[in-house]
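Letters A, B, ... are given to chains in the order of the sequence lines, protein chains preceding strands, and every chain is numbered from 1. Atom set for the values below is all heavy atoms of this structure, side chains included, hydrogens, waters and symmetry mates excluded.
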There are 2 protein chains.
Amino acid sequence: MKIYSNYTKHFVAVDCIIFGYDILEKEIKLLLSKRMFEPAKGRWSLAGGFVEPKESLDDAAIRILRKLTGLESVYMMQSYSYGETDRDPGDRVISIAYFALIAIRDINKELAEQNGVSWRSLSRLPDLIFDHPIMVRRALTDLQNEIKIRPVGFELLPEKFTLVQLQDLYEAIYQRKVDKRNFRKKILSMGILEKLDEKERETSKKGAYYYKFNEDIYKRLRQNGFYFNLDVN
Amino acid sequence: MKIYSNYTKHFVAVDCIIFGYDILEKEIKLLLSKRMFEPAKGRWSLAGGFVEPKESLDDAAIRILRKLTGLESVYMMQSYSYGETDRDPGDRVISIAYFALIAIRDINKELAEQNGVSWRSLSRLPDLIFDHPIMVRRALTDLQNEIKIRPVGFELLPEKFTLVQLQDLYEAIYQRKVDKRNFRKKILSMGILEKLDEKERETSKKGAYYYKFNEDIYKRLRQNGFYFNLDVN
DNA sequence: AATTTAAATGTAAGGATTACACTTAAAAAA
DNA sequence: TTTTTTAAGTGTAATCCTTACATTTAAATT
C-alpha cells in the first residue's frame with residue numbers, strides 16, 4: 001500500500017538507559033557503549049539501534065538490550081521520545097528512550113566485551129554523544145518516580161539482599177541519605193519482604209539478615225487494592 | 001549525508017489528545033476529528049498528522065493543534081509513543097501522543113468546523129480508529145497525575161472561575177466525588193488563588209465568588225521550594 | 001415574611017510522617 | 001577470657017496531614 005506516500009519517512013531509533021547497581025561501591029551505574037560507527041565513532045553512547053521494519057518499539061528495545069547483555073526478560077519501560085531535528089549530526093533521527101533495570105552480575109561479560117560496553121558510574125559519566133545526557137537525566141527522574149510507587153528496586157539487587165543494601169540502593173537512586181529506622185519500618189510494614197535464616201557476613205561482624213522480595217504476596221496484596229509506596233525521608 | 005542509509009525509515013505521526021472542560025455539563029471533552037482520508041476515512045480520530053522533515057516532535061504537535069483550533073500557546077506535553085507494527089492498517093506508522101489542555105471557549109469555531117472537528121464527551125466517546133482508545137486512556141491517566149502535582153487545571157477553565165467550578169473540574173477528571181470542605185481547605189491554603197470582588201450568579205441565588213489563579217505568586221513559591229499538591233479525597 | 005437553593009465554613013479523630021539515640025551481636029584484639 | 005570494635009537492629013513521642021462530617025449564610029423567589 002502506498003497510501004501515505006506524500007509524507008516523509010524518518011529514521012527511528014531506540015536508546016536504552018540501562019541502570020545497574022553496584023552493591024559494593026553503592027553506586028548506580030549505566031551500561032554504556034563505545035560507538036562503533038560514524039558520526040561520533042569511538043565516543044560514549046547509550047545502547048541504541050534503529051527500529052526495524054517488522055518490530056515494535058518495545059521489541060526493538062528488547063532486541064538492543066539482548067544484543068548487549070544477553071538478557072531476555074528485563075524490567076524495562078518507555079521513558080520519553082526525542083525528536084529535535086538536529087539531535088543527531090548524522091541525519092535526522094527520532095529516538096524513543098527506554099530505561100531498563102538489571103542486576104549487574106547478570107550480564108554476559110563476553111558479550112559485553114565484544115560489544116565494547118561497560119558499566120560507568122552515574123555520578124562520573126564520560127561525555128555522552130548528542131542529547132544522551134538529557135535522556136539520562138530524564139530516565140533517572142523516571143526511575144526515582146518508579147521506585148517510589150512500584151517494587152522495582154529489587155530488579156537491581158541480587159535475589160537475596162540485606163535491608164542495609166536495599167536502603168543504600170534507595171540512597172543511591174535518590175542521591176541523598178534516608179533515615180534508617182523509618183526506612184525499615186516502612187518497607188517491612190508492607191509485608192512483601194521475606195526474612196531468611198541466613199546472614200550476609202562480608203560487611204560486618206554481626207552480620208545482616210538476608211531478605212527476599214516475595215512477588216506472590218505482592219501480587220495478592222495488589223489485587224486487594226494495596227499500593228506499594230516507599231516515601232522515603 | 002547518507003550515513004545511516006542501510007536502515008529503514010518509518011512514517012512518524014503525532015496524535016493529540018485535546019482535553020477541554022465543559023463548565024456547564026461538568027464534563028471532560030475531547031476534540032475529535034472526522035478522518036478525511038483512507039484508511040478509515042470518515043471515522044472518528046484524534047487530531048493527528050505526520051511529522052515533517054524540518055520540525056521537531058513538539059513543533060509537529062503545535063502545528064497540528066494550531067491547524068485545528070487556531071490556538072498558539074497551549075499547555076501541551078508528550079504522553080507516550082506507540083509503535084506496534086500493525087497499529088495503522090494503512091502502513092507502518094509510529095505515533096507520538098501528546099496531550100493538550102485548552103479552554104473550550106478559546107477554539108476558533110469556523111476553523112474547527114472546516115476541519116470537521118468537534119467536542120465529544122469523554123464518557124461517551126464514539127468509536128475511535130486504531131489504537132486511539134488506548135492513547136486516550138493513557139493520556140487521561142497522565143492528566144490525572146499532572147493535575148495532582150501541577151496547577152494545570154486552570155488551563156481548562158476561564159480566567160475567572162468559582163471554587164465550585166474548580167472542584168467540579170477535578171471531579172470530572174478523577175471521575176469521582178471529592179469532599180467540598182477539604183478541597184477548598186487544600187487549594188486555598190496554597191495561597192495561589194486570588195479571590196475577586198465579583199460573583200458568578202448564574203447557578204445560584206447566593207452567588208459564588210470568582211477566583212483566579214495567580215501565576216506570579218505560584219512562580220515565587222516554586223522558587224522557594226513549594227510544590228503544588230492537590231491530593232483530593 | 002417564609003421558603004428555597006446553593007455557597008461557605010470548622011473541628012475533632014485518626015493515621016502517617018518525622019526526628020532522634022541506644023542496644024545488640026559477633027568477631028578481633030588485648 | 002575480657003575488652004574493644006563495628007555495623008545491625010530497634011521504639012517512641014511530637015507533629016503534621018488527612019479524613020470524616022453538618023450547619024449556617026446569602027440572596028432570590030414565592
Side-chain angles (χ1 to χ4, degrees), chain A residues 23-26 147-149 157-158 160-172 174 176-212 221 225-233, chain B residues 23-26 147-149 157-158 160-172 174 176-212 221 225-233:
Chain A
I23 210 166
L24 297 174
E25 300 195 23
K26 302 179 184 178
I147 58 160
K148 187 172 289 186
I149 59 170
L157 291 171
K160 298 186 296 186
F161 52 85
T162 69
L163 294 182
V164 173
Q165 290 168 342
L166 184 63
Q167 179 176 343
D168 287 343
L169 170 65
Y170 271 79
E171 291 181 346
Y174 284 123
R176 60 181 162 79
K177 286 261 163 237
V178 320
D179 183 275
K180 191 182 187 176
R181 281 167 290 185
N182 294 337
F183 180 82
R184 284 165 177 246
K185 210 188 316 172
K186 280 178 195 168
I187 185 70
L188 289 177
S189 74
M190 293 188 205
I192 58 177
L193 294 190
E194 203 175 316
K195 187 177 187 171
L196 304 183
D197 257 350
E198 190 191 351
K199 281 182 164 185
E200 188 277 327
R201 301 195 161 282
E202 308 288 293
T203 41
S204 100
K205 295 159 187 166
K206 183 176 176 181
Y209 279 105
Y210 277 122
Y211 286 77
K212 66 179 188 189
L221 288 169
F226 166 81
Y227 285 95
F228 182 92
N229 190 284
L230 198 45
D231 217 338
V232 106
N233 75 319
Chain B
I23 209 166
L24 297 174
E25 301 195 25
K26 302 179 184 176
I147 58 161
K148 187 171 288 189
I149 58 170
L157 292 171
K160 298 185 298 187
F161 52 86
T162 70
L163 294 183
V164 174
Q165 290 168 341
L166 184 63
Q167 180 178 341
D168 287 344
L169 169 66
Y170 271 79
E171 291 181 346
Y174 285 121
R176 59 180 163 80
K177 287 263 163 233
V178 320
D179 183 275
K180 191 179 185 177
R181 283 167 290 185
N182 294 337
F183 180 82
R184 285 165 176 247
K185 212 188 316 173
K186 281 178 195 169
I187 184 71
L188 289 177
S189 73
M190 293 189 206
I192 58 178
L193 294 189
E194 202 174 314
K195 187 177 189 173
L196 305 183
D197 257 347
E198 191 191 350
K199 281 182 164 184
E200 188 276 329
R201 301 195 161 281
E202 309 286 294
T203 41
S204 102
K205 295 161 186 165
K206 183 175 176 180
Y209 279 104
Y210 277 122
Y211 286 77
K212 65 180 188 189
L221 287 170
F226 166 81
Y227 284 95
F228 182 93
N229 190 284
L230 198 46
D231 216 337
V232 106
N233 76 318

Taking atom NZ of Lys186(B) as the centre, does the number of heavy atoms from other residues, nucleotides or ligands within less than 6.0 Å exceed 12?
yes
Shortest non-hydrogen contact between Val164(A) and Arg184(A), atoms and distance:
CG2-NH2, 3.5 Å
To the nearest Å, give me how far apart CG (Asp168(A)) and C1' (dA8(D)) are.
12 Å
Any donor and acceptor pair, going by atom type alone, linking the side chain of Glu171(A) with main-chain N or O of Val178(A) inside 3.5 Å?
yes
Could you tell me the separation between the CD atom of Gln167(A) and the P atom of dT10(D), rounded to a whole number of Å?
13 Å
Report, one pair per line, the protein and nucleotides 10-17 of chain C atoms (nitrogen or oxygen only) whose separation is under 3.5 Å.
from	atom 1	to	atom 2	distance (Å)
dT11(C)	O4	Lys185(B)	NZ	2.9

Distance test, side-chain N/O of Lys180(B) to OP1/OP2 of dA6(C), below 4.0 Å
no
At under 4.0 Å between heavy atoms, what does Lys199(B) touch on the DNA or RNA strands: base, sugar-phosphate, or nothing?
sugar-phosphate
Find the distance Arg184(B):CZ to dT25(D):C1' and express it as a whole number of Å.
13 Å
Rounded to whole angstrom units, what separation is found between the NZ atom of Lys195(B) and the P atom of dA7(C)?
14 Å
Do any N or O atoms from the side chain of Glu194(B) and from the backbone of Leu196(B) form a donor-acceptor pair under 3.5 angstrom?
no
Using modelled atom types and a 3.5 Å cut-off, is there a donor and acceptor pairing between side-chain atoms of Gln165(A) and backbone atoms of Ile23(A)?
no
Between the side chain of Tyr170(B) and the main-chain N/O of Ile147(B), is any donor-acceptor distance below 3.5 Å?
yes
Just how far, in rounded Å, is P of dT18(D) from NZ of Lys148(B)?
11 Å
NZ/Lys199(B): more than 12 non-hydrogen atoms of other groups inside 6.0 Å:
yes
If I take atom CZ in residue Phe183(A) and atom C1' in nucleotide dC20(C), what distance separates them, rounded to the nearest angstrom?
18 Å
Between residues 200-212 of chain B and DNA chain C, which residues have a heavy-atom gap below 4.0 Å?
Thr203(B), Ser204(B), Lys205(B), Lys206(B), Gly207(B), Ala208(B), Tyr209(B)
For Leu163(A) and Tyr209(A), what are the C-alpha separation, side-chain angles and deciding distance, and is it a side chain to side chain contact (heavy atoms under 4.5 Å, CB included)?
CA-CA 8 Å; Leu163(A) 294 182; Tyr209(A) 279 105; over 6 Å; no
For Lys212(A) and Phe161(A), work out which heavy atoms get closest and say how close.
CA-CE2, 3.9 Å
